Amino acid sequence: MVYEFEGKTEREAIDIAVAKLGLEKDQFDVEILEIQKNSLFKKGHAKIRVHVDESLRANMRNNSENSDAEQNLEEEKDTRTAEDISEGAEKTRLFIQTLIEKIGYGCSVSLVICDKKHFSYRINSKDAAMLIGKKGKNLDSIQLLANVYAGVIGHAYARVSVDCESYRMRREELLIRMAYDVADKVRMTKKSQLLEPLNPYERRIIHTTLNAVNDIETKSEGSGLYKQVRVFYKGI
């Protein structure tokens, strides 16, 4: 699904999208449609297009058309006790560990963050490379299944993140360096560059990193969970 939001800045527009969609910032892809910075005669304005993969919303709130159902879920979230949250986080931890063991790998899964909006887990395993997979695709699949499971057991508003050997932090650093390198190449050649297929969180890193570069623009292309980001030169 595609949605459009506006705000005085890109950050404000994204915050509005988060509030309206009931998702976290790393669960959707942002395409910058228009950025107008503050000047002497004009106020700042930003317009974004948000691309949401509906499979990522399977464990989140119903569509905004069903406002009554959304209100019921909101009330359920507000009345959830600390004990309920802790129990849900532990069930999800056991689900992740059991899932990995059923696949055939030994591991231990530890809970790092536990609150109403976020369950974060760290996987420790001698088979870490296999669990992470090429460019993190296996880890993404485990995380997606864990999110769906959390929704099934009544914690639809808790975003589940799963990491292994600090892969996601290392991947983020790599993507930021890659974004700047590609921007330099695009600036030099004046020809656009299409990046490798990336998941929504990774695409968001590219968009955010290069949004601060005045003469460079980015746009997502393709369909499905893994889309590509095109980086092109717009001049100053």
Side-chain angles (χ1 to χ4, degrees), residues 15 17-28 52-63 66 68-173 199-202 204-205 225-226:
D15 288 342
V18 168
K20 294 287 186 180
L21 297 174
L23 298 172
E24 296 295 329
K25 293 179 182 179
D26 61 357
Q27 292 179 305
F28 55 77
V52 180
D53 192 296
E54 290 306 313
S55 65
L56 294 177
R57 301 191 73 196
N59 66 319
M60 306 299 273
R61 66 179 63 183
N62 293 330
N63 291 332
N66 194 347
D68 290 338
E70 280 194 1
Q71 183 63 34
N72 291 337
L73 283 175
E74 187 69 29
E75 291 174 357
E76 178 186 343
K77 183 190 73 167
D78 291 341
T79 59
R80 192 170 297 132
T81 66
E83 184 178 352
D84 292 334
I85 295 169
S86 179
E87 182 181 353
E90 175 59 16
K91 285 182 178 179
T92 304
R93 186 194 70 80
L94 289 173
F95 170 81
I96 296 170
Q97 183 156 332
T98 302
L99 172 66
I100 294 171
E101 290 173 348
K102 291 289 186 182
I103 295 173
Y105 298 107
C107 73
S108 63
V109 180
S110 55
L111 178 62
V112 180
I113 297 174
C114 175
D115 59 41
K116 283 186 176 182
K117 294 185 177 181
H118 189 195
F119 297 165
S120 176
Y121 301 91
R122 181 185 298 116
I123 300 172
N124 296 298
S125 173
K126 64 179 182 179
D127 301 303
M130 294 298 297
L131 294 176
I132 293 171
K134 185 178 181 180
K135 297 179 181 176
K137 288 189 176 181
N138 292 346
L139 194 61
D140 287 344
S141 297
I142 293 170
Q143 180 171 284
L144 178 58
L145 289 172
N147 271 282
V148 173
Y149 176 79
V152 169
I153 64 173
H155 294 269
Y157 283 86
R159 177 175 63 90
V160 179
S161 59
V162 181
D163 201 359
C164 184
E165 290 195 343
S166 300
Y167 168 79
R168 299 201 184 280
M169 180 180 67
R170 292 185 284 109
R171 178 67 170 165
E172 180 174 341
E173 292 173 350
N199 66 33
Y201 177 64
E202 293 173 334
R204 175 78 186 103
I205 292 172
L225 181 63
Y226 288 86

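Residue numbers count from 1 along this sequence. The structure presented is a predicted model; accordingly, all values stated were derived computationally and were not measured.
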Completion exercise
When rounded to the nearest 0.5 Å, the distance separating CG of Asn199 from CZ of Arg171 is 8.0 Å

Problem - Value rounded to 0.5 Å, distance of CG in Asn138 from OH in Tyr105 - result: 8.0 Å

Practice task
Find the distance between SG (Cys114) and CD (Glu87) and round it off to the nearest 0.5 Å.
Solution key: 11.0 Å

Exercise for the section: Measure the CG-CZ distance between Leu111 and Arg122 for me, rounded to the nearest 0.5 Å. Expected result: 10.0 Å

Completion exercise
When rounded to the nearest 0.5 Å, the distance separating SG of Cys164 from CE of Met130 is 12.0 Å

Problem - Check: Leu131 and Leu139 side chains under 4.5 Å, non-hydrogen atoms - result: no

Exercise for the section: For residues His118 and Ser161, report the shortest heavy-atom separation together with the two atoms involved. Expected result: NE2-OG, 2.8 Å

Handout entry: Validation row: Tyr121, Thr92 side chains within 4.5 angstrom (heavy atoms)
Key = yes

Handout entry: Chi angles and distances behind the salt bridge (charged side-chain N to carboxylate O under 4.0 Å, His left out) call for Arg168, Asp140
Key = CA-CA 10 Å; Arg168 299 201 184 280; Asp140 287 344; 3.1 Å; yes

Exercise for the section: Could you label the plane-to-plane angle of the Phe119 and His155 rings as parallel, tilted or perpendicular, counting under 30° as parallel and over 60° as perpendicular? Expected result: tilted

Practice task
Report yes or no: does Asp15 contribute a side-chain atom to a donor-acceptor pair with the main-chain N or O of Ala19 at less than 3.5 Å?
Solution key: no

Practice task
Would you mind checking if Glu90 and Arg93 are paired as a salt bridge, meaning a charged N to carboxylate O distance below 4.0 Å?
Solution key: yes

Exercise for the section: Establish, for the pair Lys135 and Tyr226, whether the NZ or CZ atom is under 6.0 angstrom from the six-membered ring centre and no further than 45 degrees off its axis. Expected result: no

Problem - Note, Ile96 side chain near Tyr149 side chain (heavy atom, < 4.5 Å) - result: no

Problem - Close side-chain approach of Asp127 and Cys107, heavy atoms under 4.5 Å - result: no

Exercise for the section: Measure the shortest side-chain to side-chain distance between Ile85 and Asp115 over non-hydrogen atoms and say whether it is less than 4.5 angstrom. Expected result: no

Practice task
Output the distance between atom CZ (Arg159) and atom OG (Ser120), rounded to the nearest 0.5 Å.
Solution key: 8.0 Å

